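Values in this document were obtained by computation on a predicted structure and should not be read as measured data. Values below: every heavy atom of this structure, side chains too, minus hydrogens, waters and symmetry copies.
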Amino acid sequence: MSQLDRAELAQQGAIRADGLRAAGVELVALTFVDNSGIARVKAVPVDRLWSAAAWGVGASNSFDFFLATDDIVGGTHSRGPVGDLRLHPDLDALVPLAAQPGWAWAPVWKYDQDGAPHPQDARALAAAATARLAELGYRARTAVELEWVITAADAPDDPRSATAGPAYGYARLSSQAAYLRTLVSTLTAQGVAVEQVHPEYAAGQFEVSVAAGDPVRAADIAVLTRETIRTVSEQHGLRASFTPKFAPGGVGNGGHVHLSLWDGDRNLCAGGDRRFGLTDTAEAFGAGILSRLPALLAIGAPSVVSYLRLEPHHWAGVFRAWGLENREAPLRLVQGPAGQRDRAANFEVKCFDLTANPYLVVAALIFAGLAGVAEEARLPEPVDVDPGTLPSAERLPASLAEAVAAFEADSALTTAFGPELATTLMDVRRGEIDRLGALPPEELCAVMRYLH
């Protein structure tokens with residue numbers, strides 16, 4: 001969205017409002033995800049959708065500097081309480097909310113009052129990365145897996161209060177069958193293509209996988225899916241936690257990202273003459289991601305609590321390595337079954353979590369991969385064991401401070417993000433380190449448990 005045609009936007013907003021009113025919608029929630037990974041919201045009556053589309057809804061520039069705890073930090077580009085942004089709903093992404101009758105939802109684009117794009121709009125950055133791919137003749141298909149822990153609403157600190165049984169066990173699914181059925185049917189009604197849902201390893205933990213699509217749409221779906229999980233959980237007397245570490249010593253929630261590179265209708269992650277069927281371009285793309293994983297953690301594992309999850313031998317991917325179907329490697333090549341590899345083959349990034357802004361995540365992965373293509377990079381030898389058992393294994397950053405330093409040293413990513421957003425992101429990361437970095441793990445987990 002590069003230029004505002006306000007008359008056209010007003011007309012389209014009015015048309016969409018007519019359809020929403022016919023469906024019983026009275027209010028529209030307009031969301032953006034801030035630099036700490038929190039979905040913030042403004043809402044308008046459906047009768048004002050035309051105005052929001054054409055003229056935007058006001059929001060403070062200070063949202064760029066919010067921490068997940070709602071503290072507001074300073075930074076190089078902070079204007080404090082001064083200034084105004086305009087939030088314009090993406091009418092093409094508008095959807096009625098099946099779990100919240102009378103409501104619809106749309107993600108927004110951010111502009112200033114003169115109609116110029118906001119340089120810290122994460123969704124616009126994801127769109128720019130996608131456009132850059134298209135300029136080079138490629139496209140990407142992306143999906144985010146969501147893991148979460150449920151608890152009984154009256155026992156929010158006990159992950160066994162809502163369901164019990166072995167990891168991945170049918171007993172867990174049976175005990176929450178009605179909840180999971182409602183969740184999947186609600187997501188389906190909202191246009192989210194659910195591919196599978198299942199109990200996970202940790203107590204009270206579940207995972208949902210959705211179909212891959214355009215990177216911006218994938219990030220939208222990640223936001224919509226998480227908020228739907230939260231709402232449906234509350235309606236079933238449950239609380240949902242997406243934190244990377246519910247409690248010290250336990251297994252954390254991840255936000256794994258699947259990404260494949262395509263040339264037209266050809267999946268470049270399959271049918272090539274490189275290892276495991278990769279094409280030269282797909283290998284270079286994967287190599288660009290692998291080499292930049294330390295810097296990418298500042299985007300995909302952006303919270304102090306993220307590094308409690310990133311432990312060896314927990315399938316979180318903490319050593320810089322890649323491998324075919326290696327679930328302990330942070331970059332896993334997923335081939336899929338024979339006969340489907342031309343559609344299914346993709347890279348999975350396992351070291352990210354759901355404190356991340358999904359728009360920044362997909363943008364960062366695309367820019368890292370394209371840097372690898374430009375460099376004609378090559379992947380090292382794949383690893384077919386737990387990388388943590390190898391004496392030569394290279395540990396990824398073990399703290400947010402290390403990831404911040406790696407990001408700031410990576411010119412490809414900082415250039416792609418632009419000086420204002422790149423600087424502000426790291427100002428926010430340092431703000432979280434100052435606010436939360438000294439907390440004992442138990443207290444840190446308690447503070448972060450239900451923020452995202």
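Looking only at atom types and distance, the side chain of N267 has no donor-acceptor partner in the side chain of S260 under 3.5 Å away. Side-chain polar atoms of T228 and Q190 form a donor-acceptor pair below 3.5 angstrom. In summary, the side chains of H118 and D64 do present a donor paired with an acceptor at a separation below 3.5 Å, with no hydrogens or angles considered.
For the side chain to side chain contact (heavy atoms under 4.5 Å, CB included) test, residues two or more places apart in sequence or in another chain that qualify with N61 are R79, L85. Every ring pair (Phe, Tyr, Trp, His ring centres under 6.0 Å) that F276 has, sequence neighbours left out, goes to W322. Legend: residues meeting ring pair (Phe, Tyr, Trp, His ring centres under 6.0 Å) with F206, ordered by chain and number and at least two apart, are absent. By the side chain to side chain contact (heavy atoms under 4.5 Å, CB included) test, E207 pairs with E145, E147, H198, E200, S209, sequence neighbours left out. Considering only residues two or more places apart in sequence or on other chains, R429 meets the salt bridge (Lys or Arg N to Asp or Glu O under 4.0 Å) condition with none of them. By the side chain to side chain contact (heavy atoms under 4.5 Å, CB included) test, A398 is found to be paired with R395, E402, residues two or more places apart in sequence or in another chain being considered. Qualifying ring pair (Phe, Tyr, Trp, His ring centres under 6.0 Å) partners for Y138, counting only residues two or more places apart in sequence or in other chains: none. For R132, the salt bridge (Lys or Arg N to Asp or Glu O under 4.0 Å) partners are E135, not counting sequence neighbours.
Judged purely by atom type and a 3.5 angstrom limit, R320 has no side-chain atom pairing as donor or acceptor with the backbone of L396.
Just one residue in the list L278, T279, I366, T281 forms a side chain to side chain contact (heavy atoms under 4.5 Å, CB included) with L261, and that residue is T281.
With F66 as the aromatic partner, R40 does not meet the cation-pi criteria of under 6.0 angstrom to the ring centre and within 45 degrees of the ring axis.
By the 4.0 Å N-to-carboxylate-O rule, D157 lies close enough to R449 to be salt-bridged with it. With salt bridges taken as basic N to acidic carboxylate O contacts below 4.0 Å, one links R332 and E325.
Within the model, atoms CZ of F285 and CG of L370 stand 5.5 Å from one another, a figure rounded to the nearest 0.5 Å.
When all heavy atoms are compared, the tightest approach of G255 to L354 is CA-CD2, 3.6 Å.
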Show me the donor-acceptor pairs, under 3.5 Å and distance only, between side chains in residues 339-347 and residues at least two apart or in other chains.
{"from": "R341", "atom 1": "NE", "to": "G336", "atom 2": "O", "distance (Å)": "2.9"}
{"from": "N346", "atom 1": "OD1", "to": "H258", "atom 2": "ND1", "distance (Å)": "2.8"}
{"from": "N346", "atom 1": "ND2", "to": "A344", "atom 2": "O", "distance (Å)": "2.8"}

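Residue pairs meeting the side chain to side chain donor-acceptor pair (under 3.5 Å) criterion with at least one partner in residues 212-224, sequence neighbours excluded, are R123-D220, D220-Y359. Every pair tested for salt bridge (charged side-chain N to carboxylate O under 4.0 Å, His left out) that includes a residue from residues 415-427 fails, sequence neighbours excluded, so the list is empty. Screening residues 397-440 for ring pair (Phe, Tyr, Trp, His ring centres under 6.0 Å), with sequence neighbours left out, gives F407-F417.
Other residues, nucleotides and ligands contribute over 12 non-hydrogen atoms within 6.0 Å of the CH2 atom of W262. For Y201, the OH atom counts as loosely surrounded, since its 6.0 Å shell holds 12 or fewer non-hydrogen atoms of other residues, nucleotides or ligands. In this structure, R160 places its CZ atom where only 12 or fewer heavy-atom neighbours from other residues, nucleotides or ligands lie under 6.0 Å away.
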Exercise for the section: Would you sort out whether Q120 and K110 count as a side chain to side chain contact (heavy atoms under 4.5 Å, CB included), showing the intermediate values? Expected result: CA-CA 8 Å; Q120 296 201 42; K110 294 181 182 178; over 6 Å; no
Practice task
Give the C-alpha distance, both sets of side-chain angles, the deciding distance and a yes or no for side chain to side chain contact (heavy atoms under 4.5 Å, CB included) between L310 and L297.
Solution key: CA-CA 10 Å; L310 293 176; L297 283 181; 4.2 Å; yes
Practice task
Applying side chain to side chain contact (heavy atoms under 4.5 Å, CB included), run through F367 and L125 and close with a yes or a no.
Solution key: CA-CA 10 Å; F367 285 131; L125 184 72; 3.9 Å; yes
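Side chains of P244 and T355 form a contact here, defined as non-hydrogen atoms less than 4.5 Å apart.
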